[in-house]
Amino acid sequence: MSVIPPLRLGVNVDHVATLRNARGGRLPDPVRAALLAIESGADGITAHLREDRRHIRDEDMKRLKAEISRPLNFEMAATAEMLQIALGTAPHAVCLVPERRTEVTTEGGLDVVGQRDALGPFIARLNDAGIRVSLFIAADPAQIEMAAKLKSPVIEIHTGAWCDAVTEKRTSQIEAEWQKIVAGAKLAKSAGLEVHAGHGLDYVTAETIAALPEIVELNIGHFMMGEAMFVGLSQTVRDMRAAMDRGRKTLRAHAL
């Protein structure tokens with residue numbers, strides 16, 4: 001019988017800070033949201049400290065590191081400023097993402113191939129500091145192979161194109177995007193990389209992708225914070241955990 005690795009849920013609390021920043025002040029508090037998510041079943045917390053500080057702020061990262069009991073995944077661009085903040089914060093993990101000031105959300109995967117000369121030393125500094133590095137990339141063979149060459153222990157597959165196709169019922173694209181993810185996850189696993197996935201996931205797509213044995217972590221934020229407005233964050237975390245468990249249960253049944 002095949003051993004199926006557990007599937008972790010990372011909850012992104014960026015948009016609690018977005019709501020706070022819309023009015024100013026201290027509320028709602030993203031750290032309180034992180035603590036509640038962990039209490040409700042989250043395995044870790046993700047937060048993206050952007051260059052323009054549009055949601056998460058430096059003090060949020062410090063408090064998250066100090067106050068949460070589960071791993072902190074620090075999303076950031078590969079800049080000198082962010083490197084120094086990450087080294088000072090010492091999170092469990094850093095996920096390197098592409099970042100443009102004009103984007104509403106992260107629009108694509110990091111170009112590891114095109115930026116290999118800059119990313120190599122950057123990844124090495126984080127590895128040397130004992131911070132696990134993840135690269136947020138498309139499920140593209142060249143990008144995955146370069147991630148392995150640069151000694152990033154983890155990749156996070158950008159699932160946005162597939163999720164958008166599912167949501168918008170673009171039937172002709174759903175299967176094509178899904179097969180890219182399937183093939184990418186297999187290639188990454190065979191290259192010795194730990195495989196995560198995220199961007200645009202909801203209950204349906206999280207349940208589906210949970211059936212890929214190579215993927216061991218999903219990082220989900222925007223959808224969950226939107227759902228939490230209607231049913232509460234604790235219920236949303238439990239419902240997402242249940243959806244992921246249903247998908248993993250299907251996988252376990254196939255492995256018997």
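The shown structure was predicted, so the numbers you read here are calculated from the model rather than taken from an experiment.
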Engineer: Walk me through whether Asn21 and Thr18 qualify under side chain to side chain donor-acceptor pair (under 3.5 Å).
Structural biologist: CA-CA 5 Å; Asn21 296 353; Thr18 301; over 6 Å; no
Engineer: Would you call Leu119 and Val112 a side-chain contact if the rule is heavy atoms closer than 4.5 Å?
Structural biologist: yes
Engineer: Going only through I, L, V, M, F, W and Y residues with side-chain contacts under 4.5 Å, is there a path from Val216 to Val182?
Structural biologist: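 Different clusters: Val216 never reaches Val182 through Ile, Leu, Val, Met, Phe, Trp or Tyr contacts under 4.5 Å.
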Engineer: Return the orientation label for the His199 and His158 ring planes: parallel under 30°, perpendicular over 60°, tilted otherwise.
Structural biologist: tilted
Engineer: Working to the nearest 0.5 angstrom, can you tell me the gap between Ile68 CD1 and Arg63 CZ?
Structural biologist: 11.5 Å
Engineer: Mind checking whether Trp178 and Trp162 have parallel, tilted or perpendicular rings, split at 30° and 60°?
Structural biologist: tilted
Engineer: Without hydrogens or angle criteria, can the side chains of Asp164 and Thr167 be said to hold a donor-acceptor pair below 3.5 Å?
Structural biologist: no
Engineer: Any side-chain heavy atom of Ile131 within less than 4.5 Å of one from Arg125?
Structural biologist: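 A side-chain contact is absent here, since even the closest heavy-atom pair is not under 4.5 Å.
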Engineer: To the nearest 0.5 Å, how far apart are CE in Met224 and CD in Gln235?
Structural biologist: 11.0 Å
Engineer: Checking Arg248 side chain against Leu212 main chain: does a donor-acceptor pair fall under 3.5 Å?
Structural biologist: yes
Engineer: Taking Asn73 for its side chain and Ile45 for its backbone only, find out whether a donor-acceptor pair lies under 3.5 Å.
Structural biologist: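 Looks like no, no N/O pair under 3.5 Å.
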Engineer: One thing to verify: whether Asp245 and Arg241 come together as a salt bridge, which I'm taking to mean a side-chain N less than 4.0 angstrom from a carboxylate O.
Structural biologist: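 Here Arg241 pairs with Asp245 in a salt bridge, since their nearest N and O are under 4.0 Å apart.
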Engineer: Could you grab the distance from atom CZ of Arg170 to atom CD of Glu175, nearest 0.5 Å is fine?
Structural biologist: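 Between atom CZ of Arg170 and atom CD of Glu175 there are 14.5 Å.
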Engineer: Does the distance from a Lys or Arg side-chain N to an Asp or Glu carboxylate O, for Asp60 and Lys65, drop under 4.0 Å?
Structural biologist: no
Engineer: Less than 4.5 Å apart, side chain to side chain, heavy atoms only: is that true for Val133 and Leu150?
Structural biologist: no
Engineer: Taking everything shown except Arg32 itself, do over 12 heavy atoms lie less than 6.0 Å from its CZ?
Structural biologist: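 Not buried by this count: 12 neighbours or fewer within 6.0 Å.
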Engineer: Out of curiosity, Ile209 CD1 to Leu218 CG, how far, rounded to the nearest 0.5 Å?
Structural biologist: 6.0 Å
Engineer: Establish, from distance only, whether the side-chain atoms of Asn12 and Thr46 form a donor-acceptor pair under 3.5 Å.
Structural biologist: no
Engineer: So that I can tick it off, tell me whether Arg54 and Asp52 are bridged by a salt bridge, with the cut-off set at under 4.0 angstrom between side-chain N and carboxylate O.
Structural biologist: yes
Engineer: Looking only at non-hydrogen atoms, find the nearest pair between Lys180 and Ala139 and report the distance.
Structural biologist: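 The pair with the smallest heavy-atom distance is O-CB, 3.3 Å.
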Engineer: Treating Arg20 as the side-chain partner and Asp29 as the backbone partner, does any N or O pair qualify as donor plus acceptor under 3.5 Å?
Structural biologist: no
Engineer: Walk me through it: do Val11 and Leu9 pass the test side chain to side chain contact (heavy atoms under 4.5 Å, CB included)?
Structural biologist: CA-CA 6 Å; Val11 174; Leu9 170 61; 4.1 Å; yes
Engineer: In plain terms, say whether Asp58 and Arg53 are close enough for a salt bridge, that is, a side-chain N and a carboxylate O under 4.0 Å apart.
Structural biologist: yes
Engineer: Can you name the closest pair of heavy atoms from Val237 and Ala37 and give their distance?
Structural biologist: CG1-O, 3.8 Å
Engineer: Classify the side-chain pair Arg132/Asn127 by whether it contains a donor and acceptor separated by less than 3.5 Å.
Structural biologist: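 The answer is no; no qualifying pair exists.
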Engineer: Do Leu126 and Asp128 come within less than 4.5 Å of each other through their side chains, counting heavy atoms only?
Structural biologist: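 No, their side chains stay 4.5 Å or more apart.
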Engineer: Determine the minimum heavy-atom distance between Val154 and Ser152, stating which atoms define it.
Structural biologist: O-OG, 2.9 Å
Engineer: Going by heavy atoms in the side chains, are Leu96 and Phe136 under 4.5 Å from each other?
Structural biologist: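 Of all side-chain heavy-atom pairs linking Phe136 with Leu96, none is under 4.5 Å.
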Engineer: Judged by atom type as modelled, is there a donor-acceptor pair below 3.5 Å linking the side chain of Arg116 to the main-chain atoms of Val113?
Structural biologist: yes
Engineer: Is there a side chain to side chain contact (heavy atoms under 4.5 Å, CB included) between Met225 and Val16 once you walk through the steps?
Structural biologist: CA-CA 7 Å; Met225 295 308 143; Val16 178; 3.7 Å; yes
Engineer: Which distance, rounded to the nearest 0.5 Å, do you find between the CG of Leu193 and the CG of Leu187?
Structural biologist: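 With rounding to 0.5 Å, CG (Leu193) is 8.0 Å from CG (Leu187).
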Engineer: Passes salt bridge (Lys or Arg N to Asp or Glu O under 4.0 Å), Glu214 versus Lys186? Steps please.
Structural biologist: CA-CA 6 Å; Glu214 296 84 7; Lys186 289 180 179 178; 5.5 Å; no
Engineer: Does the pair His196 and Glu194 meet the rule for a side chain to side chain donor-acceptor pair (under 3.5 Å), with working shown?
Structural biologist: CA-CA 7 Å; His196 302 176; Glu194 182 172 305; 2.7 Å; yes
Engineer: Could you walk me through whether Glu207 and Met244 satisfy the side chain to side chain contact (heavy atoms under 4.5 Å, CB included) test, starting with their C-alpha distance in whole Å, then the side-chain angles of each, then the deciding distance to 0.1 Å, before giving a yes or no?
Structural biologist: CA-CA 5 Å; Glu207 181 173 345; Met244 292 165 56; over 6 Å; no
Engineer: Decide yes or no for Asp111 and Gln143: does some side-chain heavy atom of the first lie under 4.5 Å from some side-chain heavy atom of the second?
Structural biologist: yes
Engineer: When hydrophobic residues are tied together by side-chain contacts of less than 4.5 Å, even through go-betweens, does Leu36 share a cluster with Leu19?
Structural biologist: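 Cluster IDs for Leu36 and Leu19 differ.
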Engineer: Where do Ile137 and Glu156 land on the side chain to side chain contact (heavy atoms under 4.5 Å, CB included) test, with the steps shown first?
Structural biologist: CA-CA 6 Å; Ile137 60 176; Glu156 181 169 332; over 6 Å; no
Engineer: List the atom of Val13, the atom of Ala47, and the distance in Å for their closest heavy-atom pair.
Structural biologist: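 Minimum heavy-atom separation between Val13 and Ala47: CG2-CB, 4.5 Å.
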Engineer: Could you tell me whether Arg57 and Glu59 make a salt bridge, using a distance below 4.0 angstrom between a side-chain N and a carboxylate O?
Structural biologist: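 So Arg57 does not pair with Glu59 through a salt bridge.
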Engineer: Any non-hydrogen side-chain atom of Ile56 less than 4.5 Å from a side-chain atom of Met61?
Structural biologist: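 Yes, side chains in contact.
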Engineer: If we count only N and O atoms by modelled type, under 3.5 Å, do the side chains of Glu217 and Asn219 hold a donor and an acceptor together?
Structural biologist: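 A donor-acceptor contact under 3.5 Å links the two side chains.
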Engineer: Taking all non-hydrogen atoms of both residues into account, name the closest pair between Ala197 and Leu201 and its distance.
Structural biologist: O-CD1, 4.1 Å
Engineer: What distance separates Ile85 CD1 from Met76 CE, expressed to the nearest 0.5 Å?
Structural biologist: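 Rounded to the nearest 0.5 Å, the CD1-CE separation comes to 8.5 Å.
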Engineer: Nearest heavy-atom pair of Thr205 and Cys163: which atoms, and what distance?
Structural biologist: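 In terms of heavy atoms, the two residues are closest at OG1-SG, 3.9 Å.
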Engineer: Determine whether Pro213 and Ile215 make a side-chain contact, defined as any pair of heavy atoms from C-beta on separated by less than 4.5 Å.
Structural biologist: no
